[in-house]
There are 2 protein chains.
Amino acid sequence: MKILIVEDEPKIGNYLRQGLTEAGFIIDLARDGLDGLHLALTEDYNLAILDVMLPGIDGWEVLQGIRRAGKEMPVLFLTARDSVDDRVKGLELGADDYLVKPFAFSELLARVRTVLRRGGMTKEYEFLRAADLELDLIRHRVDRSGQKINLTSKEFALLELLMRRQGEVIPRSLIASQVWDMNFDSDTNVIEVAIRRLRAKVDDGFEPKLIHTIRGMGYVLEVAE
Amino acid sequence: MKILIVEDEPKIGNYLRQGLTEAGFIIDLARDGLDGLHLALTEDYNLAILDVMLPGIDGWEVLQGIRRAGKEMPVLFLTARDSVDDRVKGLELGADDYLVKPFAFSELLARVRTVLRRGGMTKEYEFLRAADLELDLIRHRVDRSGQKINLTSKEFALLELLMRRQGEVIPRSLIASQVWDMNFDSDTNVIEVAIRRLRAKVDDGFEPKLIHTIRGMGYVLEVAE
DNA sequence: GAGTACGCATGAAAATTTTGATCGTGGAAG
DNA sequence: CTTCCACGATCAAAATTTTCATGCGTACTC
């Protein structure tokens, strides 16, 4: 599997190259948009990872150049912290996924693998919904009945887990491993507290209640029957 | 590679089995000490993972039984949160490493691989030292000139990184990826702040200073020449 | 049917981590 | 030798997460 990385910051570029090489990919690294586009058009890649901010021509232009030349390889964007619009724009221009800096390397690897597996079939432009609750995975934004809800990262991760598997009872052990990356430790109640905070933001003052406790098992998110 | 897990809590047991199976190991899982010991003596394993707290006979007794029977396989202990003495006892009885619950699965996997690679040659009973600073990796405890220093987990992780590679300049990008599991993001100064806090605890009021800034590069921990 | 134990809920305090603003300083440029 | 600037240092405040003590309700026991 051959991957093209276009990234001007040497630190990030080298880091990505090293990590992905270790993961068994063949990497070409371009330091600016022009080089990147040139490589993209002359070589064959299974995936391109483009930084949006590049000297010379930016990531979008590279993407457009690639598409204009009829190249169909999937493209993954790296965008800066808060530039939500960049992400949307990127996806509209035909990127397949995006990643917000700073990101965990494991996260990048997961995305890379997903995109490669799909072979560029589905875009990662996703919403999750339950009743009047809507979770925007791209903007990392949540609202209920049109009201914006601010969640911290742990809260978001927890809600995302519950939403992705709506109607299923999520055991506490799964929550612990997914959201905290740790095994269950009986003498802490972080999960309960986190659920409490989440309920306060997501369920308090709204109907129907969405987060339900299943005694001895875990939690479910569903519109109760 | 065949691994024996002896763990009574079904959640943890299943979680471990699943995770390690996915990582390509063959797993046998025993639910109590007697079963575990029996399996350990009748089958051949490359590694045993023992919970200390077990119904019937506990982890230590299982270990002793294994050693008495002349089995040399490496043993990794799972111990409860604060029972430091358990860890020390385990290592003294001939365990090869230990892991404190709750732990990240990635952590377990790393330890498993290390222990298997070493093939039970070296015990993980480690201290790191620099001048009069001593870092006890087992007890997760630090002192300087005999005075106990309390570090938070991030602080500890940062100091451990610097200590493990004493004298080397650790680039910020490496710190970011090791301690925060994230790529470098130029508009945050978490690293500087963390270094500050660490210095306040480890260097302020002591001589010689151990943590040095290398402009444009990163940080080194060393006894200055 | 009362007693009781367990699992979860809750609120508040404590601990930790991150952000944001401002200050200092070494080293390059002139 | 000065000036300037980028890089870090530092401090305080804000945000987030964890801990701890206590309360409540359900289900099980007798």
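None of the values given here were measured: they were computed from a predicted structure. To find a chain, count down the sequence lines: A is the first, B the second, and so on, and within it residues start at 1.
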- Count the heavy atoms belonging to other residues, nucleotides or ligands that lie under 6.0 Å from NE2 of A:H38, then report whether that count exceeds 12. no
- Note on the structure: CE of A:M163 to CG of A:L210, rounded to nearest 0.5 Å, is 8.0 Å
- Task: From the options C:dT10, D:dT18, C:dC8, select the nucleotide whose nearest atom is closest to the side chain of A:N189.
- Result: C:dT10
- Message: By the 4.0 Å heavy-atom rule, please label A:R197 as base, sugar-phosphate, or nothing.
- Response: base
- For B:D203, does its backbone N or O pair with a side-chain atom of B:K209 as donor and acceptor, under 3.5 Å? yes
Check the interface with nucleotides 13-15 of chain C: list each N/O to N/O pair with the protein under 3.5 Å, or write none.
none

- Message: Reading DNA chain C from 5' onward, which residue's closest nucleotide shows up sooner: A:V193 or A:I214?
- Response: A:I214
- Measure the distance from CD on A:E192 to P on C:dG11 and round it to the nearest whole Å. 15 Å
Dump every N/O contact between nucleotides 5-7 of chain D and the protein below 3.5 Å, one line per pair.
residue, atom, partner, partner atom, Å
D:dC7, O2, B:R215, NH2, 3.0

- Message: Please determine whether a side-chain nitrogen or oxygen atom of A:S153 lies at a distance below 4.0 Å from atom OP1 or OP2 of D:dT16.
- Response: no
- Item | All side chain to side chain donor-acceptor pair (under 3.5 Å) counterparts of A:D136, not counting sequence neighbours | A:R139
- Message: Looking at A:Y219, I'd like to know whether one of its side-chain N or O atoms comes within less than 4.0 Å of OP1 or OP2 on C:dA9.
- Response: yes
- Item | Length of the line joining A:I191:CD1 and C:dA9:P, which is rounded to integer Å | 11 Å
- Residues which pass side chain to side chain contact (heavy atoms under 4.5 Å, CB included) with B:V142, listed by chain and number, not counting sequence neighbours: B:L133, B:L135, B:I149, B:L151, B:F156, B:L159
- Note on the structure: Rounded to the nearest 0.5 angstrom, the CZ-CD distance for A:R164 and A:Q178 is 10.0 Å
- Note on the structure: side chain to side chain donor-acceptor pair (under 3.5 Å) filter on A:Q166, not counting sequence neighbours, yields none
- When rounded to whole Å, the CD1 to P distance for the pair A:I195 and D:dT18 reads 14 Å
- Query: Does the side chain of A:R172 come under 3.5 Å of the side chain of A:S177 through a donor N or O and an acceptor N or O?
  - Reply: no
- Expressed in angstrom and rounded to an integer, what is the separation of B:K209 atom NZ from D:dG8 atom C1'? 18 Å
- Query: Rounded to whole angstrom units, what separation is found between the CZ atom of A:R199 and the P atom of C:dT10?
  - Reply: 7 Å
- Message: Rounded to whole Å, how long is the line connecting atom CZ of A:R196 with atom C1' of D:dC24?
- Response: 14 Å
- Grab the NZ-C1' distance between B:K154 and D:dT16 for me, whole Å please. 11 Å
- How far apart are the closest heavy atoms of A:D132 and A:E207, and which atoms are they? OD2-O, 4.4 Å
- Task: With sequence neighbours excluded, tell me which residues meet salt bridge (Lys or Arg N to Asp or Glu O under 4.0 Å) with B:R197.
- Result: B:E155
- Message: Counting only side-chain nitrogens and oxygens, does A:W180 get under 4.0 Å of the OP1 or OP2 atom of D:dT17?
- Response: no
- Query: Should B:T188 be listed as having a side-chain N or O under 4.0 Å from OP1 or OP2 of C:dG20?
  - Reply: no
- Message: Distance check needed: C:dA9 C1' versus A:H212 NE2, whole Å only.
- Response: 16 Å
